[in-house]
Amino acid sequence: MNIERQKHAPVYEALEQFKKRRVVPFDVPGHKRGRGNPELVELLGEKCVSLDVNSMKPLDNLCHPVSVIKEAEELTAEAFGAEHAFLMVGGTTSAVQSMIMANCKPGQEIILPRNVHKSAINALVMCGAVPVYVEPKTEPRIGIALGVEPKDMEKAIKEHPNAVAVLINNPSYYGICSDLKTLTDLVHKHGMKMLVDEAHGTHLYFGENLPVNAMKAGADMSAISMHKSGGSLTQSSLLLTNNGINADYVRQIINLTQTTSASYLLISSLDISRRNLALRGRESFAKVVDMAEYAREEINAIGGYYAYGKELVNKTSVYDYDVTKLSVYTQGMGLTGIEVYDLLRDEYDIQIEFGDIGNILAYISIGDRIRDIERLVNALADIKRLHEREQKPMISGDYIQPEVVVSPQQAFYSDKKSLELRQSVGHICAEFIMCYPPGIPILAPGERITKEIVDYIIYAKEKGCSLQGTEDIEANYLNVLV
Ligand SMILES: Cc1ncc(COP(=O)(O)O)c(C=O)c1O
């Protein structure tokens with residue numbers, strides 16, 4: 001990486017130049033640098049609204065980058081060790097979907113673990129590709145899905161030799177990493193493309209002694225949430241390509257769904273964050289690791305909680321662990337993760353990333369301070385003192401592997417009827433239902449609804465998980481195939 005070059009932020013620099021010229025706007029956005037909407041200026045500040053501009057020659061165009069956005073994408077590709085990088089303004093959802101749609105045509109098979117984010121299965125509804133699920137093992141003590149083992153992938157590839165691509169989520173929300181290099185080599189040996197959902201892995205490109213990143217492992221494409229550990233504005237993401245993938249075709253795919261009015265606040269935040277990571281990422285992520293390790297030790301010293309880390313590594317289902325993650329198993333205290341999540345917010349004014357049935361995840365990043373970590377640890381100790389329960393919650397596991405009966409696209413667009421949850425057992429689901437976060441579908445279109453799955457949904461609801469994806473916003477009814 002050329003550090004001198006990385007000191008530039010071409011979009012940000014072009015915006016600064018543009019501001020100095022005091023151009024009179026007879027274009028959109030209609031708030032005209034905020035003058036037409038004083039309350040917006042009050043909320044966001046003058047500088048922010050004055051940079052909320054539309055594409056124009058000096059600022060390039062995200063759909064067809066030829067100048068400053070093109071340069072920003074080249075610098076991003078260099079910083080991430082990729083052949084090409086796309087700046088994305090529709091979140092990592094759009095990056096994951098573009099990655100799948102660029103590689104899979106209707107009816108083609110894609111191999112993936114079932115515990116992927118909903119964006120991946122949504123992409124199958126849109127493009128008509130057919131999923132082949134490899135079932136990851138579940139950690140017996142903490143109930144979370146583990147990584148994909150090469151031997152399981154090999155079996156899936158042998159059974160589905162015509163599959164065109166494999167998608168892996170790495171690291172998982174909880175920090176679990178698969179053996180990405182071996183998996184990538186295996187996938188390539190069989191002529192398939194390796195796609196990685198690295199929503200939780202931006203830091204792997206800059207920190208030291210962290211699990212291998214997708215581009216280094218030789219993957220073909222990767223979706224990166226810069227807005228998570230990379231520090232950019234919410235909704236800004238990256239899509240990386242490698243190994244001679246046709247970036248011009250990928251751009252066409254992105255433009256099928258991408259806005260024609262991309263926000264320069266998002267684009268410039270990607271530009272500035274890439275520069276920051278390239279120049280200072282190593283030190284920043286070393287601090288994040290120290291804070292997460294410190295928090296892990298302190299939380300484990302409370303008792304009852306299990307803040308897990310590198311000890312989970314077994315070189316098979318947990319090939320590596322991302323120690324920047326602070327994932328904590330809470331059921332040892334008789335509390336679900338969602339209960340602890342709610343208590344932290346309601347009683348202690350602490351907002352964590354998510355709580356599910358068995359775990360919580362506190363997101364530690366370059367913006368944290370040790371005194372905030374102390375506050376979290378103290379709150380968790382207090383919760384144990386006041387709320388620890390004898391009786392253990394009954395359900396563990398973050399998802400149940402369902403039986404796929406028809407493809408997601410076919411099921412989603414079929415004739416449907418709505419049934420009360422309990423009545424839906426035995427039917428084929430025609431929509432998504434998931435706890436959000438983490439957004440891993442409990443059921444996706446085309447999957448058989450079982451009693452075990454309905455019990456899980458009802459339990460999650462009772463415990464306060466936000467259930468999303470169903471046409472019925474209360475998630476009391478499910479759409480099933482007629
Ligand atoms: C694994 C994974 N992939 C993709 C996404 C989608 O990211 P975004 O919210 O930026 O659209 C998420 C969001 O949490 C995620 O966890």
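Fair warning: this is a prediction, and the values are worked out from it, not measured in the lab. Both ligands and their constituent atoms are indexed starting at 1 by order of listing.
Partners of E135 under the salt bridge (Lys or Arg N to Asp or Glu O under 4.0 Å) rule, at least two apart in sequence or in another chain, do not exist in this structure. In this structure K151 satisfies the salt bridge (Lys or Arg N to Asp or Glu O under 4.0 Å) test together with E149, sequence neighbours excluded. Qualifying salt bridge (Lys or Arg N to Asp or Glu O under 4.0 Å) partners for D220, counting only residues two or more places apart in sequence or in other chains: none.
In this pair, Y321 and Y308 present their aromatic rings perpendicular. The plane angle is above 60°, beyond the 30 to 60° band.
The side-chain tip of R141 points at the ring of Y306 from less than 6.0 angstrom away and within 45° of straight on.
Within 4.0 Å of ligand 1, protein heavy atoms belong to G91, T92, T93, H117, S119, Y173, D197, A199, H200, H227, K228, listed by chain and number.
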### Step-by-step salt bridge (Lys or Arg N to Asp or Glu O under 4.0 Å) determination, K287 to D290
CA-CA 5 Å; K287 280 192 205 138; D290 286 348; over 6 Å; no
